[in-house]
Amino acid sequence: MANYSTNEFRSGLKVMLDGEPCSILDNEFVKPGKGQAFNRVKLRNLNTGRVWERTFKSGESLEGADVVDRTMEYLYTDGEFWYFMEPDTFEQHQADAKAVGDSHLWLKEQNTCEVTLYNGTPLAVTPPNFVELEIVETDPGVKGDTASGGSKPARLSTGAVVKVPLFLTQGEVIRVDTRTGEYQSRASKS
Amino acid sequence: MHWRPGAGVEQLRARARLLRVLRAFFEARDILEVETPLLCASGVTDPAIEPLIVASGSALRAPRYLQSSPEYAMKRLLAAGSGAVYQIARAFRDGEVGRLHNPEFTLLEWYRPDFDHHQLMDEVAELVRHCLGERSRRNYPYRELFLDLLGLDPFTAADAQVEALARDHVEVGDLAGERDLWLDVLMSHVIEPQLADRGMVFVYDYPASQAALSRIVEVDDVQVGQRFELYVDGVELANGYCELGDEAQQRRRFVRDNQRRRAAGQVERPIDEYLLAALAHGLPACSGVALGVDRLLLLATGCADIRQVLAFDWART
């Protein structure tokens, strides 16, 4: 991989730091008057999700990380791994529980996801911002109550539990924002 | 294409107004406005400043350096008997891009014969109040600032102690360097942020190793460079010196800069023999200061980023 100098550090650039693949979040140039110039850099460790702060002398460089984001179709899970396919090559990738993390709550077969590959292996899975999932279990609906603003928990086909309005019933399909885990609306009838 | 300016009409007007106010300030004090070349055969030797270089053209026998400050030329004017002079000039520094940095920027630089750095600090404070309105003022010797805010004596603490304190405060990984590098880490990462709500803070009498072009004298048993920096609302705004006039000592500092450049794998720079000849002739006792006009405008307009006060910043040209 290429090396990147501090003046090339941009938000989103993927670099290796202490042997870990990282994504640069922020890069601030600081210089105390006449003295040494520094770059104060914020990075997200892509293995752990933790945010690191690190100061470099300006002009120092880091090795680029072989990290790419690919759009893939989610196929299925065998309980141990989750399987994704690149739509143009049909190449399949298996992601482990660490890579999938909480995203498994939003994975629906045949949906497209962003899969982050590090050295060719899935490192993280990002579901679409909105997914449509079926309610498989909730308290019976309160007919006509679309105004009281109350809510109740509902279990979805993926195992996720979200708060939904009282009038919704088992078997209905709802739209959920995967970034917040919040109910958005009933799914549009297609 | 980002063809539109980064600064709004309001900021363009504020800049024009600020330039008028600055010129009136110096005219009222009978200080002469001068212009000196931007392209010179030699550049700055300071290892912390990298120049931009113009490399080709039929008028060029050798590359010329875009000036990182008009200091050397202005000192030649002083040695030739100009009396007090000021200049509002473009200056250039390679690689300096950020919230407070643009590689091409505007410097206000002025020189006062017979002023020491304390008298010049007073005049700088007047100018800042003239442009920004009332601000509280505090003068801090560099030593007292470190003692107050960090409990560290920057002159007498062991090198290892300075480095350890910097490592306590700042995540630096395998950063390596000498004592001044660690003092710079502490200054820029730990002290500067604490100056944000203190109005005008003058820091003066720096360690001799950071004297740059200032005279070095002994104060309380330590060697200090009679240099000052002004921070306004935490923004480093100006750097001034009680100017070194000794030609031999100036030459030794240039040579040492180049030794440090060589050791660090940086390109050595030609030494400005015109300046040294002027010093050999005799520089009147004087103090001088360089103040960042774009940063002054930033403070005057309440903007957070220098790109908001430049018509076209580096990325737009």
Side-chain angles (χ1 to χ4, degrees), chain A residues 1-67 118-119 123, chain B residues 44 46-50 69 93-103 166-167 169-178 180-193 203 206-207 209-214 225 227-231 236-241 264-266 290 292:
Chain A
M1 289 301 288
N3 279 317
Y4 296 96
S5 159
T6 50
N7 59 30
E8 299 171 283
F9 287 5
R10 303 264 182 285
S11 175
L13 182 72
K14 310 291 195 297
V15 293
M16 298 298 296
L17 180 62
D18 297 350
E20 302 272 311
C22 296
S23 177
I24 287 174
L25 301 175
D26 191 42
N27 176 22
E28 188 190 4
F29 180 82
V30 293
K31 197 165 192 274
K34 305 285 303 172
Q36 173 71 46
F38 302 102
N39 288 69
R40 298 184 78 167
V41 183
K42 270 200 189 115
L43 316 94
R44 170 168 283 117
N45 180 329
L46 294 172
N47 263 328
T48 63
R50 275 190 51 207
V51 173
W52 284 354
E53 267 203 40
R54 185 66 67 87
T55 287
F56 301 89
K57 270 191 220 174
S58 291
E60 281 189 321
S61 55
L62 289 176
E63 191 191 342
D66 180 13
V67 172
Y118 169 50
N119 292 334
L123 186 67
Chain B
V44 67
D46 185 334
I49 300 176
E50 287 301 327
S69 121
R93 296 184 188 177
D94 190 24
E96 304 193 358
V97 182
R99 191 175 70 78
L100 294 174
H101 294 82
N102 196 62
R167 287 187 180 282
H169 280 93
V170 186
E171 187 57 57
V172 290
D174 52 8
L175 187 70
E178 294 172 2
D180 281 317
L181 175 121
W182 296 111
L183 289 173
D184 284 345
V185 168
L186 290 167
M187 190 73 191
S188 58
H189 290 62
V190 189
I191 292 179
E192 270 187 30
V203 184
Y206 277 67
S209 54
Q210 299 181 25
L213 302 180
S214 65
R227 172 188 154 202
F228 68 86
E229 291 263 358
L230 167 63
Y231 293 85
E236 193 247 339
L237 186 64
N239 175 67
Y241 307 128
Q266 295 170 282

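Quantities reported herein were computed from a predicted structural model and do not represent experimental measurements. Note on naming: letters A, B, ... go to the chains in the order of the sequence lines (proteins, then strands), and numbering restarts at 1 for each one.
More than 12 heavy atoms of other shown residues, nucleotides or ligands fall within 6.0 angstrom of atom CZ in A:Arg54. Crowding of A:Asp18 atom CG: a count of heavy atoms from other residues, nucleotides or ligands under 6.0 Å exceeding 12. Within 6.0 Å of CZ in A:Arg50 there are 12 or fewer heavy atoms belonging to other residues, nucleotides or ligands.
Scanning all heavy atoms of the two residues, the minimum distance from A:Lys34 to B:Ala212 falls at CE-CB, 4.1 Å. Looking at every heavy atom in both residues, A:Phe38 comes nearest to B:Leu175 through CE2-CD2, 4.4 Å. Of all non-hydrogen atoms in B:Glu229 and A:Gly33, the two that sit nearest each other are OE2-CA, 3.3 Å.
When each of B:Glu96, B:Gln210, B:Glu192 is checked for heavy-atom pairs under 4.5 Å with chain A, B:Glu96 comes out on top.
Interface residue B:Asn239: only side-chain heavy atoms are found under 4.5 Å from chain A. In this structure, chain A has heavy atoms under 4.5 Å from both the backbone and the side chain of B:Val172.
To the nearest 0.5 Å, atoms CZ (A:Arg40) and CD (B:Glu171) are separated by 11.5 Å. Once rounded to the nearest 0.5 Å, the distance linking CD of A:Gln36 with OG of B:Ser188 reads 9.0 Å. Atom-to-atom distance recorded for B:Glu50:CD and A:Ser58:OG is 11.0 Å, nearest 0.5 angstrom.
Side chain of B:Asp184 to backbone of A:Gly35: no donor-acceptor contact under 3.5 angstrom is found. Under a 3.5 Å cut-off, the side chain of A:Lys57 and the backbone N or O of B:Ala176 do form a donor-acceptor pair.
Looking at heavy atoms from C-beta onward, B:Ile49 lies in side-chain contact with A:Lys31 at the 4.5 angstrom threshold.
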